[in-house]
Every structure is written in C-alpha cells, then in structure tokens.
Amino acid sequence: MPADRLHLVRHGEVHNPARVLYGRLPGYGLSADGRRMARQAAEYVKSLDRPVTALICSPLQRTQESAEPFTELFGLEPVIDDRVIEPTNVFEGKRMAIALVNPWNWRHLSKPALPSWGEPYADVVGRMNKAMTEAWDAADSGDVVIVAHQLPIWITHLAVAGLPLRHDPRARRCALSSVTSFEMVDGKWTETAYAEPASTAGAVDVGAV
C-alpha cells in the first residue's frame with residue numbers, strides 16, 4: 001500500500017550572521033533557535049497521532065539537522081534525496097540589498113517568470129513531484145516526512161493549487177519549520193493542511209533562495 005499522507009517540513013532558522021543568501025553553500029547549519037523550531041515541528045507531527053514510516057531530507061546541513069528531532073521521536077534514519085534540495089541561485093553568498101543596486105546584476109532579473117537568476121521553477125516542480133511520488137509509492141502505509149526548503153515547498157504548493165509559478169518571494173506562505181501536508185487522490189496531489197507549529201518571533205530568515 002502507498003502512504004497515507006506526506007508532510008513537507010521546512011528547516012529551522014539558520015545561523016547566518018552575515019545575512020547572505022546561502023542557497024546551497026556549505027557550512028550553514030541551524031542556530032540554537034533553529035534547533036528549537038525543528039523540535040517543535042517534529043512534536044507537531046507527533047501530536048497528529050499518525051504513524052510516520054519514512055523520513056527523507058535534502059543533503060544540506062540545515063535540513064539534516066532539522067530531521068534529527070524526527071529521528072528521535074519516530075526512530076527513523078533520514079534518507080538523503082538530492083531532488084528536494086534548495087534550487088541554484090546566482091546570488092549565493094551575496095547580501096541581496098547590496099547585490100541588487102549593482103547594475104551588473106540586473107541582467108539576472110530579466111525573466112522573473114523563469115526565473116533568470118536560478119533553476120527554472122518548472123524544473124523544481126518536476127524533481128519535487130518525482131521525489132514525493134516515489135516516496136509515497138514506496139511507503140508501507142503511514143505518513144512520509146520530507147524535510148526540505150522554502151522555495152521547493154512553496155513552488156510545490158503553487159503547482160498543486162494550479163497557480164502561476166511566478167511569484168514574489170516576500171509573499172511566500174512557508175515559515176521556518178512549517179509543515180505543509182498533502183495526499184495523493186486519484187493520481188493527483190491535494191494539499192490537506194498547513195501549520196506553523198514553531199515560535200519564530202525575532203527569527204532571521206533572509207538566506208532562502
């Protein structure tokens with residue numbers, strides 16, 4: 001039997017004192033508050049009183065660390081899946097407020113619907129859908145948890161809802177350690193719930209692609 005429900009969980013707050021767009025850069029782990037947020041996300045899923053039978057995360061440090069509380073609470077070792085990783089972005093390592101005033105960088109903003117500054121949205125949708133579908137089919141009933149990143153989770157939401165993929169990154173509904181839940185109905189994904197179980201007051205969230 002396939003899974004019963006699939007939860008896309010965003011990682012917690014990242015230690016990012018330089019306030020750069022960290023993207024796929026190594027060395028960006030969770031802050032102390034980020035670890036607390038990740039724990040709250042795991043406790044929320046535990047509170048649903050549903051069996052979790054599979055745990056998957058992207059290969060980046062912040063998602064692996066955010067998966068640790070799920071390992072503690074559900075006894076599952078995370079499986080690394082490169083397909084749920086953060087998208088590429090030409091502004092990695094830069095502070096956006098500074099990068100955007102440089103005319104040399106404006107060429108990267110020419111096609112926001114693609115987007116021209118990084119991995120095409122359609123490609124992100126494709127790889128996320130494949131990862132989610134394979135995890136769903138491989139599960140022996142129960143729920144699947146995939147710990148991923150803001151853009152892949154939000155773009156999946158848009159695709160499932162039938163909305164345009166072009167969007168304002170500042171308007172994403174995908175808070176740190178949020179949980180977006182889906183079910184497969186008649187071969188199509190349906191979003192069933194969205195929750196923000198973690199306290200994020202004062203959190204720094206400027207490094208997401």
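Ser178 contributes a side-chain N or O that, together with a main-chain N or O of Ala175, makes up a donor-acceptor pair within less than 3.5 Å. For Asn129 (side chain) and Thr133 (main-chain N/O), no donor-acceptor pair under 3.5 Å exists by modelled atom type. Side-chain atoms of Thr53 come within 3.5 Å of backbone atoms of Ser141 as a donor-acceptor pair (strictly under, hydrogens ignored).
Using a cutoff of 4.0 Å between basic side-chain nitrogens and carboxylate oxygens, Asp186 and Lys188 are not scored as salt-bridged. Using a 4.0 Å cut-off between a side-chain N of Lys or Arg and a carboxylate O of Asp or Glu, Arg10 and Asp205 qualify as a salt bridge. The pair Lys130-Glu134 does not count as a salt bridge, with every side-chain nitrogen at least 4.0 angstrom from each carboxylate oxygen. The pair Asp143-Arg50 counts as a salt bridge, with a side-chain nitrogen and a carboxylate oxygen less than 4.0 angstrom apart.
Note: Ile146 CD1 to Asp81 CG = 7.0 Å, rounded to the nearest 0.5 Å. With rounding to the nearest 0.5 angstrom, the OG atom of Ser181 is 6.5 Å from the CZ atom of Arg5. One distance of note links CD of Gln64 with CG of Leu30; it measures 11.0 Å at 0.5 Å rounding. If you take OG1 on Thr180 and CG on Leu6, they are separated by 10.5 Å, rounding to the nearest 0.5 Å. Between Thr88 atom OG1 and Trp117 atom CH2 the span is 12.0 Å, to the nearest 0.5 Å. Atom CG in Asp123 sits 11.0 Å away from atom CD1 in Ile155 (nearest 0.5 Å).
Residues that satisfy the salt bridge (Lys or Arg N to Asp or Glu O under 4.0 Å) test with Arg127, not counting sequence neighbours, are Glu119. Listed by chain and residue number, Trp189 satisfy the ring pair (Phe, Tyr, Trp, His ring centres under 6.0 Å) test with Trp136 (two or more places apart in sequence, or in another chain). Residues that satisfy the ring pair (Phe, Tyr, Trp, His ring centres under 6.0 Å) test with His7, not counting sequence neighbours, are absent from this structure. By the side chain to side chain donor-acceptor pair (under 3.5 Å) test, Glu65 pairs with Arg35, Gln61, sequence neighbours left out. With sequence neighbours excluded, no residue forms a side chain to side chain donor-acceptor pair (under 3.5 Å) with Arg24. By the ring pair (Phe, Tyr, Trp, His ring centres under 6.0 Å) test, Phe91 is found to be paired with His108, residues two or more places apart in sequence or in another chain being considered. Checked against side chain to side chain donor-acceptor pair (under 3.5 Å), Thr200 has no partners two or more places apart in sequence or in another chain. Considering only residues two or more places apart in sequence or on other chains, Arg36 meets the side chain to side chain donor-acceptor pair (under 3.5 Å) condition with Gln40. Among residues two or more places apart in sequence or in another chain, the salt bridge (Lys or Arg N to Asp or Glu O under 4.0 Å) test is passed with Asp4 by none.
In the hydrophobic clustering (ILVMFWY side chains linked at under 4.5 Å, chained through shared members), Val9 is joined by Tyr44, Val45, Leu48, Val52, Leu55, Phe70, Leu73, Phe74, Leu76, Val145, Val147, Val179. Alongside Met37, the hydrophobic cluster contains Leu176 (criterion: ILVMFWY side chains under 4.5 Å). Leu114 forms part of no hydrophobic cluster, judged by ILVMFWY side-chain heavy-atom separations under 4.5 Å.
Summarising the geometry of Ala41 relative to Pro197, their closest heavy-atom pair is CA-CG, 3.9 Å, with the distance given to 0.1 Å. Residues Pro152 and Val124 share a closest heavy-atom pair of CA-CG1, 3.9 Å. For the residue pair Ser177 and Ala38, the shortest heavy atom distance occurs at OG-N, 3.4 Å. Nearest heavy atom pair, residue Ser58 against residue His149, reads OG-NE2, 2.8 Å. Nearest approach of Leu60 to Gly23, heavy atoms of both residues: CD1-O, 3.8 Å. Residues Pro120 and Pro115 share a closest heavy-atom pair of CA-CD, 4.0 Å.
The residue from His15, Arg62, Glu13 that alone fulfils the side chain to side chain donor-acceptor pair (under 3.5 Å) condition with Ser31 is Glu13. When each of Ile80, Val84, Ile85 is paired with Asp82, the side chain to side chain contact (heavy atoms under 4.5 Å, CB included) condition holds for Ile80 and for no other. The side chain to side chain donor-acceptor pair (under 3.5 Å) test with Gln150 singles out one residue from Arg172, Arg173, His11, Glu86, and that residue is Arg172.
Ring to ring, Tyr121 and His167 are close: their centroids are under 6.0 angstrom apart.
When side chains are defined from C-beta on, Tyr22 counts as touching Asn16, because their heavy atoms get closer than 4.5 Å. Looking at Val20 and Lys94, their side chains never come closer than 4.5 Å, going by heavy atoms from C-beta outward.
Looking only at atom types and distance, the side chain of Thr190 has no donor-acceptor partner in the side chain of Glu183 under 3.5 Å away.
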From CA spacing to verdict: side-chain contact (heavy atoms from CB on, under 4.5 Å), Glu72, Arg39: CA-CA 10 Å; Glu72 295 176 21; Arg39 179 78 187 191; 2.7 Å; yes
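Residues Tyr194 and Met184 do not share a hydrophobic cluster, clusters being chains of Ile/Leu/Val/Met/Phe/Trp/Tyr side chains in contact below 4.5 Å.
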